[in-house]
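Comments concern the structure below.
In this chain, residues are counted from 1 in sequence order. When reading the values below, keep in mind they use all heavy atoms of this one structure, side chains included, and skip hydrogens, waters and symmetry mates.
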Amino acid sequence: MKVLVVGGGGREHAIVDALSRSPKVSEIFCAPGNAGIATQARCLPIKDTDVDGLLSFARENAIDLTVVGPEAALSAGIADAFRAAGLKIFGHTKAASRIETSKEFAKLIMEKYGIPTAGYRSFDSYGDALAYVSARPFPAVLKYDGLAAGKGVVIAADLEEAEGALRDMLLDDRFGKGKVVVEDYLTGPEFSFMCFVNGNEVYPMPLSQDHKRAYDGDKGPNTGGMGAYTGLPFISDDDREFALEKVMKATAAAMVAEGCPLSGVLYGGLMKTGEGIKVIEFNARFGDPETEVVLPLLESDIYDIFEAIACGRAAAEPVWSDDVTIGVVLASKGYPGSYDKGFGISFDKDLDAKVYHMGTSISDGQLVTSGGRVLMVCGRGRNLGQTRDKVNSEVEKVHCSNLFHRTDIGHKAFE
């Protein structure tokens, strides 16, 4: 089978890598891909949001299945367009993708169907939002209602920070014209729960936890994720069962009831609070960097899962390894702010870990940095402590003068 993967980051590299293990897949294309993906797939100069260009390529090259990585492509209606053309695609419709693309829509669904989440109010007026936030205790959770490339959530410590964030979102339209959702602030450990979903059929993946802050000790600015791991000792079997039944399956059923069933990956960003597990956010696709530590544990053929869901059929229950995994992101200095590109990257020959490329390209025959998050070094084993030590030592075998990384990924598992 010929498969097209849409996207060009670490998540897509992990998807391509998983597909490359399938005996049913003969050829993989990736649009636009990156330098690492190019070692396992043929990369195409087509943007992930160029629906017409992707559709034309899929038709002309008799692509058997398309797998969508990024939310921007789903929001652009790629799944709707491919299905209308009679092509198989793994990914939600534009209507179903609102579970991620509209914070307000997700909140309304949770409120209507009794899915546990923080209390909230929505605003499209700067003055009304500021008055509401001013009268409440801090910190305040402010979320832009639409897509904002991972930068649309601000946890404001005081009124000055809240005022600046609301100005960005409602007056200066930093992310476009939209509303702001103001949520109650919750506390507790966060974790990620991804599931393959086909209507009411929900197939859970291993739980993971990512690390949003830039520096060790959860210091510094929020990022797209500086690393992730599986094997969470602070989430009990009962916690997982509650999250699966009362959050993930309940949300899948709610979306069916609303006439926009899910047909891809549902990502639950969850928190274990003192009052139980609650939803922080939903995404309509694989998480990044969680995908890079979860998919290596899949022992089933991922093509079978993708293809069944794309066709609206029940899939066989996926089989997962009991191993644990840890992945460390190497990011450009300055990230998540401004950063320079084009720095050479080299690896020691004895590097013994999976390396997923997130933001790399080839310049004059040399592998160079081309993004904020550049690489992710991943390891697996039976023991979390030993696996972390191993991964941290393997990271030292990556050489580049403009990268930094955290050394404490997985620290909450040791507290």
Got a donor-acceptor contact below 3.5 angstrom from the E396 side chain to the E394 backbone? no
F105 six-ring face occupied by R98 cation (under 6.0 Å, within 45°): yes
Is N198 reaching over with its side chain to a backbone N or O of R313, donor-acceptor style, under 3.5 angstrom? yes
Determine yes or no for a side-chain-to-main-chain donor-acceptor pair under 3.5 angstrom, with Y126 supplying the side chain and L170 the backbone. no
Between the side chain of H92 and the main-chain N/O of A284, is any donor-acceptor distance below 3.5 Å? yes
Only residue of K354, H357, Q40 satisfying side chain to side chain donor-acceptor pair (under 3.5 Å) with H13 is Q40
Does any non-hydrogen side-chain atom of K88 lie less than 4.5 Å from one of I63? no
Salt-bridge contact D352-K397 (side-chain N to carboxylate O under 4.0 Å): no
Quick one: do E111 and K107 satisfy salt bridge (Lys or Arg N to Asp or Glu O under 4.0 Å)? Show the steps, please. CA-CA 6 Å; E111 188 174 51; K107 282 291 191 181; over 6 Å; no
Charged N to carboxylate O under 4.0 angstrom, K177 versus D124? no
State the CH2-OG1 distance between W320 and T230, to the nearest 0.5 angstrom. 10.5 Å
Output all residues satisfying ring-ring contact (aromatic ring centres under 6.0 Å, His included) with F404, sequence neighbours left out; order by chain, then residue number. Y215
According to side chain to side chain donor-acceptor pair (under 3.5 Å), who are the partners of T49, at least two apart in sequence or on a separate chain? none
Aromatic contact between Y203 and F196, with the criterion being ring centroids under 6.0 Å apart: yes or no? no
